[in-house]
**Student:** 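Quick one: this structure, given as structure tokens, is what I'll be asking you about.
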Amino acid sequence: MTDQTGDLLMAAARRVRREYAAALAEFGTTPSQSRALRVIAADAPVRPSVLAESLHIAPRSATEVVDALEQHGWVRRSPDPTDRRATTLAVTDEGHLLLARIGAARREAGERVLGALGDRDRRTLDRILRTLGEQQ
């Protein structure tokens, strides 16, 4: 039974991710770029090395993500005022607008999947997922 439950949970998560990735594609961004934007917006200014740690990716991969974000005009690099050898990252005004659109797309993607549940089932699922998430 546990194997089946885990498989069902993973299938639901994959469905939410597919919905979310499809919505992001309309904005010309990827899930990894979206996660990076959220981290930068929450902690700005942030060094690329801190971003890599937060995303659990290699620094080189973080650089590639930031390069793409900067190329789109969603992030800007600036000299770190405390270490002239380092840079910091901040979300631009255009990036903040994108984040708002992404937030709406995330909610809509989740609703497309979870909308099949009634209020009571949704509250139960929320409680179960919080319990599972707290076990980390």
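Note that the coordinates shown come from a computational prediction; the quantities given were computed from them, not determined experimentally. In what follows, every heavy atom counts, from backbone to side chain, and hydrogens, waters and symmetry copies are set aside. Here, residue 1 is the first one in the sequence, and each next residue gets the next number.
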**Student:** Side-chain contact test, heavy atoms from C-beta onward, threshold under 4.5 Å: evaluate it for R127 versus R123 and give yes or no.
**Tutor:**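 No, too far: nothing below the 4.5 Å cut-off.
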
**Student:** Please examine the side chains of R47 and D80, heavy atoms only from C-beta on, and report whether any two atoms are closer than 4.5 Å.
**Tutor:** yes

**Student:** Under a 3.5 Å distance rule, please check whether R107 uses its side chain to pair with a backbone N or O of G103 as donor and acceptor.
**Tutor:**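 Yes, the answer is positive, given that a donor and an acceptor are paired below the 3.5 Å cut-off.
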
**Student:** T92 side chain to G73 main-chain N or O, any donor-acceptor pair under 3.5 Å?
**Tutor:**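 A pair under 3.5 Å: yes.
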
**Student:** Excluding sequence neighbours, so at least two apart, what forms salt bridge (charged side-chain N to carboxylate O under 4.0 Å, His left out) with R112?
**Tutor:** E19

**Student:** Please check if atom CG in D93 has more than 12 non-hydrogen atoms from other residues, nucleotides or ligands closer than 6.0 Å.
**Tutor:** no

**Student:** Between H72 (side chain only) and A68 (backbone N and O only), is there a donor and an acceptor less than 3.5 Å apart?
**Tutor:** yes

**Student:** Quick one: does D67's side chain get under 4.5 Å of Q71's, heavy atoms only?
**Tutor:** no

**Student:** Roughly how far, to the nearest 0.5 Å, is CD of E70 from CZ of R76?
**Tutor:**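 It comes to 10.5 Å.
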
**Student:** If the condition is salt bridge (charged side-chain N to carboxylate O under 4.0 Å, His left out), which residues does E64 pass it with, not counting sequence neighbours?
**Tutor:** R60

**Student:** Quick one: pull up CZ in R38 and CD in Q33 and give me the separation to the nearest 0.5 Å.
**Tutor:**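 Between R38 CZ and Q33 CD, I get 12.5 Å after rounding to 0.5 Å.
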
**Student:** Is it the case that the side chain of E134 and the backbone of T131 share a donor-acceptor pair, with hydrogens and angles ignored and the cut-off at 3.5 Å?
**Tutor:** no

**Student:** Look at the side chain of T63 and the backbone N and O of P59, then say whether any donor-acceptor pair between them is shorter than 3.5 Å.
**Tutor:** yes

**Student:** Could you tell me which non-hydrogen atom of A105 sits nearest to which non-hydrogen atom of A23, and how far apart they are?
**Tutor:** CB-CB, 3.8 Å

**Student:** Among Ile, Leu, Val, Met, Phe, Trp and Tyr joined by side-chain contacts under 4.5 Å, find the other residues sharing a cluster with L99 and list them by chain and number.
**Tutor:**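 So far as hydrophobic clustering goes, L99 is joined with Y20, L24, F27, L37, V39, I40, V46, V50, L51, L55, I57, V65, V66, L69, W74, V75, L89, V91, L98, I102.
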
**Student:** When rounded to the nearest 0.5 angstrom, what distance separates CG in D126 from CG in L117?
**Tutor:**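 Separation between the atoms: 9.5 Å.
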
